[in-house]
Amino acid sequence: MSDEQPTDLTTGDDLPEQMRIRREKRARLLAEGGDPYPVELPRTHSLAEIRETYSDLPVDTATGVKVAVTGRVMFLRNTGKLCFATLRDGDGTELQAMLSLNNVGADPLAAWKSDVDLGDHVFVSGEVITSRRGELSILADEWRMAAKSLRPLPVAHKALSEETRIRQRYVDLIVRGQARDVVRNRAGVVRSLRDSFHRRGFIEVETPILQTMHGGATARPFVTHSNAMDVDLYLRIAPELFLKRCVVGGLEKVFEINRNFRNEGSDSSHSPEFAMLEYYEAYATYDTVAVTTRQLVQEAAEAVFGTQVVTLADGSEYDVSGDWTALTMYGSLSDALGEEVTPETSVEVLRKHAAARELEVDPKHGHGKLVEELWEHLVGDHLHAPTFVRDFPVETSPLTRQHRSVPGVAEKWDLYIRGFELATGYSELVDPVVERERLEDQARHGAAGDDEAMRLDEDFLRALEYGMPPTGGVGMGIDRLLMALTGLGIRETILFPLVRPE
RNA sequence: GGGCCGUUAGCUCAAUUGGUAGAGCUGCGGACUUUUAAUCCGUAGGUUCUGGGUUCGAGCCCCAGGCGGCCCA
């Protein structure tokens, strides 16, 4: 972690004053026979329970009810003979504690003033009252230290820098309610997804993250090594090939929510480690899984926010309700170009279109890549409302079935939300012979130096040869679903994103 | 990988043309029995990211590097 000098924690001579003083207070508590970190405290109520029970108390009321609570000290307002503190519970509920000379006595009040700092966890027992200003409070008979904080909290009224928020998420969670909300919302979204699948009769499975061969997507993997087996292993880039083995085995409605790893950099919508949902449904097609996918998103919005018109971080509203627009890639690109483009359109013509719009393209790009690049710039970047983009070039969709009636395109859609790709769905390719041809082609690319190319997975092909029913499949980024529903960047939706060591 | 911007007190940020590094909050000492980012008086706190260089003098200029952000590929 650090090149900080090793520090004597009892004196902390090298530390900033504020940390030194807190360490001294801890040491003093111990020296006086106290315990800055007691093992157990006789708490009777959570702060939320008290807030719920006494929500309608009039101003300046004494209930006569004695309770014992704990919380982190978020604000301190000490006067000579009466001290106020705002305590906060783990669920974010805040409640005021009042310590008056009359009730706690001179020594405990003096100890409170000298020992308690912002950020400490304290135990307070006393009577439930409301203050003269009407604030629901515990009027203390007794207080104890529950856990001494040795580091000062950052200023509560100024935003932490983005870097500190990410590197020290625990601090972010303490001081910023929205950071806690994101964690809860994410948990709610994941729970909603599981509920939605269970209602539809899907089985949740967990497939390997450590793999002897990576596949299911075009991406560079992380490599690791098994000492016991003395083989190199890959962290998975997608669960796809294992989930398809499940479908072959008769698990005809399966889903998995888990982590994928791609050996790439990060930006506002990419992370090397990201959460993925994939699901496969036998006898579904890319048409029917599009409907399911829309419902998954809508049900998640409803479950977490109680509405399908969600409010984003910038305050704007985003509507995910109703049916969503569907475009075809070639149709929408033709409209944008004002000129018909089809799977037969030559590479030269596509390059001319790119050049006419000052779009630089890789001269190695073939038809499929060119179409996708043109489409992204001319159409994709401008899509705001949820939109399914259908029927991709076959060439860039190696694991997808050819369209049943339109030549040259694959039965694949991408779901775009506010300009980024949220999910992708397919009518899966299940013909083992065609699949083998496609993978052998990928393997040739790999041999030619493309380290994102897929490997020839003989075991996967063997599974397909036993017969996989017609199947629809979908992959959706969980982090991106959170982004879609909240308007946050990916690193705000991931609790502890990967960052360079300090 | 390329370009631009940033990096200063515990936190958030200032610092004129290169001329004694400041503020708010936090902290510390004091006053205050109804505060809500309490108020009032006093006060402390710095390897200006690191290493070189230019200069009488560098937070500021130059070179190299670290970390971060944004844009591009």
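So you know, we letter chains A, B, ... as the sequences are listed, proteins then strands, and number each from 1.
If you check B:rA44, B:rG68, B:rU36 against the side chain of A:E17, the one that comes closest is B:rA44. Set against B:rU33, B:rG24, B:rU34, the side chain of A:T79 has B:rU33 as its closest nucleotide. Among the nucleotides B:rC28, B:rU34, B:rG10, the one closest to the side chain of A:P152 is B:rG10. Taking only side-chain atoms of A:S100, from C-beta outward, the nucleotide of B:rG10, B:rU36, B:rU33 with the closest atom is B:rU33. Here the side chain of A:R491 is nearest to one of B:rU26, B:rG69, B:rU34, namely B:rG69. Proximity note for A:K25 (side chain, C-beta onward) versus B:rC67, B:rU33, B:rC28: the nearest is B:rC28. Side-chain proximity of A:L82 to the nucleotides B:rC25, B:rU33, B:rG27 is greatest for B:rU33. Side chain of A:E163, nearest nucleotide from B:rG10, B:rC67, B:rG69: B:rC67. Comparing B:rG27, B:rC32, B:rU12 against the side chain of A:T164 picks out B:rU12 as the nearest.
To the nearest whole angstrom, the two C1' atoms, one in B:rU7 and one in B:rU12, are 14 Å apart. Remark: the separation of the C1' atoms in B:rA37 and B:rU20 is 33 Å, to the nearest Å. Nucleotides B:rA58 and B:rU47 have their C1' atoms positioned 15 Å apart, rounded to a whole Å. Taking atom C1' in both B:rA14 and B:rG46, the straight-line distance is 15 Å, to the nearest Å.
Judged by Watson-Crick or G-U wobble contacts below 3.5 Å, the nucleotide B:rC67 has B:rG6 as its partner. Pair check for B:rU36 finds none; no Watson-Crick or G-U wobble contact set falls under 3.5 Å. Pair assignment for B:rA14: none, as no Watson-Crick or G-U wobble contacts are both less than 3.5 Å.
Within the structure, every side-chain polar atom (N or O) of A:R167 is placed at least 4.0 Å from both OP1 and OP2 of B:rC67. For the pair A:R500 and B:rC67, the criterion of a side-chain N or O lying under 4.0 Å from OP1 or OP2 is met.
Rounded to whole angstrom, the span from the CZ atom of A:F84 across to the P atom of B:rU39 amounts to 14 Å. In this structure, A:N78 places its CG atom 12 Å from P of B:rA31, rounding to the nearest Å.
For the 3.5 Å distance criterion, the side chains of A:N103 and A:S100 qualify, holding a donor opposite an acceptor. With 3.5 Å as the limit, one finds a donor-acceptor pair spanning the side chains of A:R77 and A:Q96.
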Requested in this report: Evaluate the criterion side-chain hydrogen bond (donor to acceptor under 3.5 Å, both in side chains) for residue pair A:W324 and A:T387; output intermediate values, then yes/no.
Outcome: CA-CA 6 Å; A:W324 293 348; A:T387 305; over 6 Å; no
Requested in this report: Show your working on ring pair (Phe, Tyr, Trp, His ring centres under 6.0 Å) between A:Y318 and A:H384 and close with a plain yes or no.
Outcome: CA-CA 9 Å; A:Y318 191 72; A:H384 182 75; 5.3 Å; yes
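Comparing A:L101 and A:L160 along RNA chain B, the residue whose closest nucleotide (by nearest heavy atom) sits nearer the 5' end is A:L160.
Contact annotation for A:S137: no contact, since no heavy-atom pair falls under 4.0 Å across all strands.
Residues A:V59 and A:G134 come closest through the heavy atom pair CG2-CA, 3.7 Å.
Side-chain N/O atoms of A:D60 and base N/O atoms of B:rU34 include no donor-acceptor pair closer than 3.5 Å.
Cation-pi geometry between A:K412 and A:F392 is satisfied (NZ or CZ under 6.0 Å from the ring centre, within 45° of the ring normal).
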